[in-house]
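Whatever order the structure lists them in is the order used to number ligands and atoms, beginning at 1. Only a predicted model underlies this, so the values are computations on that prediction, with no experimental measurement involved.
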Amino acid sequence: MFSEQENCIHSHLFHKYPYAAFIIEDNVIVNCNQAAMSLFGFYEKKQLIGLHLYDLCPLVQKDGQLSKNKLEKQLSQSHERNEERFIWTHKKSNGEKFNAEIILISEIFADREIKIATVRDIKDKTILINDLDTQNINFEQLFNSFPSAVAIINNNLEILNINKCFKELFQYSHEEIIKNNIKELLSLDLFDTKLWDIKERIYNQDTICDVKTVCRRKSGNFVDISFSMYPIIHDNVHIGNYAVCTDITELRKREEKIRFLSHRDTLTRLYNKDYFINHVRDQITNLENIHSSNVKMGVLLLDINDFNSINDNLGYNIGDIFLKIIAERLKEHIGNKGIVSKFGGDEFIILVYNIENRRQLVRLGRDILKIFDKPFTINRYDFFVTCSIGISMYPHHGDNSHDLIKSADIAVQKAKKYNGNKVVIYNYKLNQDVTEKFLIDSYLRYAIENNELYLNYQPILDAQSERITGLEALVRWHSSEIGYVPPNKFIPISEGNGMVLPIGEWVIKNACMQLKKWNDMGYKEIFLSINVSIKQLEQKNFADFVIRTTSKLRLNPTNIVLEITESVYMENLERIYRNLKKLNKFGIQISIDDFGTGYSSLGQLSKLEISKLKIDKSFIKELHINSNNAKIVTAIIVMAKSLNLSIVAEGVEESEHTVFLKKAGCDMLQGFLYSRPVSAEKIKQLLKKGTLSQSAEKE
Ligand code: C2E
Ligand code: CA
Ligand code: CA
């Protein structure tokens, strides 16, 4: 036994011990220290001595037997294990409740079992919450059946409990993980970079939702997870947190696949046009950033000669196999010297990095032609195709992706004229007459102020009645210096130098004023088509301008049709869509011009709010002699009908065209067969003469 001196020391320690401590015998308090009195709010020891433990426990008073049983269980466990640690809710002398961590030690002392209980208020948020959740008998089961990995952590990020899914995901056993700091154990990068943030959020009892991050498994492998954290509040005290880790490996794979596919051509799995254009732009930006002015790149545009006849004669399936084989051969040939992309139906485009000079590029082009020397063996037959290649070089033939592709396109058009395996590199002469372009560019700037612009109108007829239902305004320029210049020549130049904006405004204003005059003459049902450049649609206030102009003249907006040509070079899609939406809402109609020639696609069409579609004249031209054109036109009409669009065929020159188009269900016709574009004065006569709709005639 202890000496008197030792007893004295023990007693001193007991009373000076900084945490509340009780000595309990038969569940009744027989002694307590100073800290216990102040924790429970008593002034004298005797107020506590003799109290039953239940007396300090509000839960027992509130929900009776359940808590009583639980407390007794804890007490007897401490007897079996010598020491027991648990969380309990206590009550102070003034009735205030608080959560405390209890450590209960059982000792046999002079044949009597006594218990020493230390009680620590857990408001300091650092004490474990081991047993709290087991108050609910169903909790463990629920916890383990939860489909995500869940850890219960205290406010210092130490793991107190984990569920089955957690063990499986991170491959740790319960013992290996308990009391470890979750951020260290799992290398949660989110904790490293935003450590203070997380601590702050724990402190504020915030919820963290679905932060995508990476964790380390026991094996050292990393796993992509989505991390969430929810505070556990018990009796108004924030005692810990649920950390939920959801494995998002599969989700990441799916996202990756979608990203991959969105950059790829579905048939050949090569990069698609969008990716290519962006990639060229990025490469140029990189070069500009590192100021490497002497690094050159090459763009090679490949066009398979007569590919349509392969499709026509052998069927689309064989055509597809051809394209796949070509794609494979190109990819293998280029390797990591650049990237290969599928550009259009039968076009491929290649970007080659690090080119030294133009000769090297042409040589590369010729080497590519050689891959077409080998036969294409399909279904045991050998086929041969030839290809034309147009080349442009950065920075000489363009300092942006648009110009480089355009230059390569001009070169490939030239190469195609040779009708065989041919490589042409861009040069300025190809762009027809440069001096002509220069003259147009210079004089066009004065066209408006010199009053050199005027408008002609071409009738658009209803296919069934063959009466005029609309008119297309077409701009004309007669320069006092260089004479008449057709719009096909000056409009593209005006798009390059910005003049298309004032010219476009001039056209809209004057065409609308003319429509107003026709309306006043009684032709109120006629619609007016105005050609609009994408450059105009990219202007922020374009829609407002059109709306203002038509409102001022009190025109019926549904009688105004804006014809736009879709282009791959649309830069400010967001603004274009916003303008189109606004116009559409106001009632103005949108029509896609030259449909079938270039870059229009069903996908893009469905995004634009359009109401009309104009089949390009190149398809109409040979309608009666070229079965392929007939097929395409029929397909376009069927497709447009399914999208509820009305269809105009332009370039109707022969009566056979009319017969075919009527039968195919085309709604409107336009072309030299009926009338060339003519002056407003002449249109007035045509309308008067009676080649006009019945409703207009009556008015
Ligand atoms: P577009 O919008 O496709 O206009 C139709 C063109 O086809 C007109 O040429 C017209 O004269 C021509 N055309 C009409 N019927 C026939 C036919 O039966 N056979 C043939 N071979 N051609 C026919 P135009 O007036 O020379 O205009 C050429 C292009 O210039 C227009 O093509 C349009 O893209 C552009 N353009 C004309 N006016 C404007 C304008 O005010 N603004 C803008 N942005 N572009 C305009
Ligand atoms: Ca047009
Ligand atoms: Ca057209």
Which is closest to [atom] by heavy-atom distance: [options]?
| atom | options | answer |
| --- | --- | --- |
| atom 35 (C) of ligand 1 | A511, P487, A473, S618 | P487 |
| atom 46 (C) of ligand 1 | D616, I534, N531, V652 | N531 |
| atom 8 (C) of ligand 1 | I508, L455, L474 | L474 |

Under 30°, 30 to 60°, or over 60°: which ring-plane class applies to H478 and Y484, parallel, tilted or perpendicular?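 H478 vs Y484 ring planes: tilted.
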Under 4.0 Å, heavy-atom basis, I'd like to know which part of [X] is in contact with ligand 1: side chain, backbone, both or neither.
| X | result |
| --- | --- |
| Q458 | side chain |
| D593 | side chain |
| K614 | neither |
| R476 | side chain |

In terms of side-chain heavy atoms, does N305 have a donor or acceptor partner in T386 at a distance below 3.5 Å?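 Checked: N305/T386 side chains pair up, N/O donor to acceptor below 3.5 Å.
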Is the distance from the Ca ion (ligand 2) to the nearest N/O/S atom of E563 under 3.0 Å?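 An N, O or S atom of E563 is closer than 3.0 Å to the Ca ion (ligand 2), so yes.
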Does the cation-pi check pass for R676 over F672, that is, NZ or CZ under 6.0 Å from the six-membered ring centre and within 45° of its axis?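 Yes, cation above the ring, under 6.0 Å and within 45°.
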Ignoring hydrogens and geometry, is there a side-chain-to-backbone donor-acceptor pair from E452 to S480 under 3.5 Å?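 Side chain of E452 to backbone of S480, a donor-acceptor pair under 3.5 Å: yes, one is there.
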D399 side chain vs P395 backbone, donor-acceptor pair below 3.5 Å: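 Not confirmed, D399 side chain does not pair with P395 backbone.
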Hey, does [X] come in under 3.5 Å of ligand 1, counting only N/O atoms on both sides?
| X | answer |
| --- | --- |
| F672 | yes |
| Q536 | no |
| V475 | yes |

With the threshold set at 4.0 Å, does a side-chain nitrogen-carboxylate oxygen contact exist between [X] and [Y]?
| X | Y | answer |
| --- | --- | --- |
| R554 | D520 | no |
| E466 | K662 | yes |
| E472 | K614 | yes |

Between OD1 of N531 and OD2 of D593, what angle is found at the Ca ion (ligand 2), rounded to 10 degrees?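 With the Ca ion (ligand 2) as the vertex, OD2 (D593) and OD1 (N531) sit 90° apart.
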Atom name in E472, limited to N/O/S, at shortest distance from the Ca ion (ligand 2):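 Result: OE2.
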Please determine whether any non-hydrogen atom of R676 lies less than 4.0 Å from an atom of ligand 1.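 For ligand 1, residue contact (heavy atoms, under 4.0 Å) with R676 is absent.
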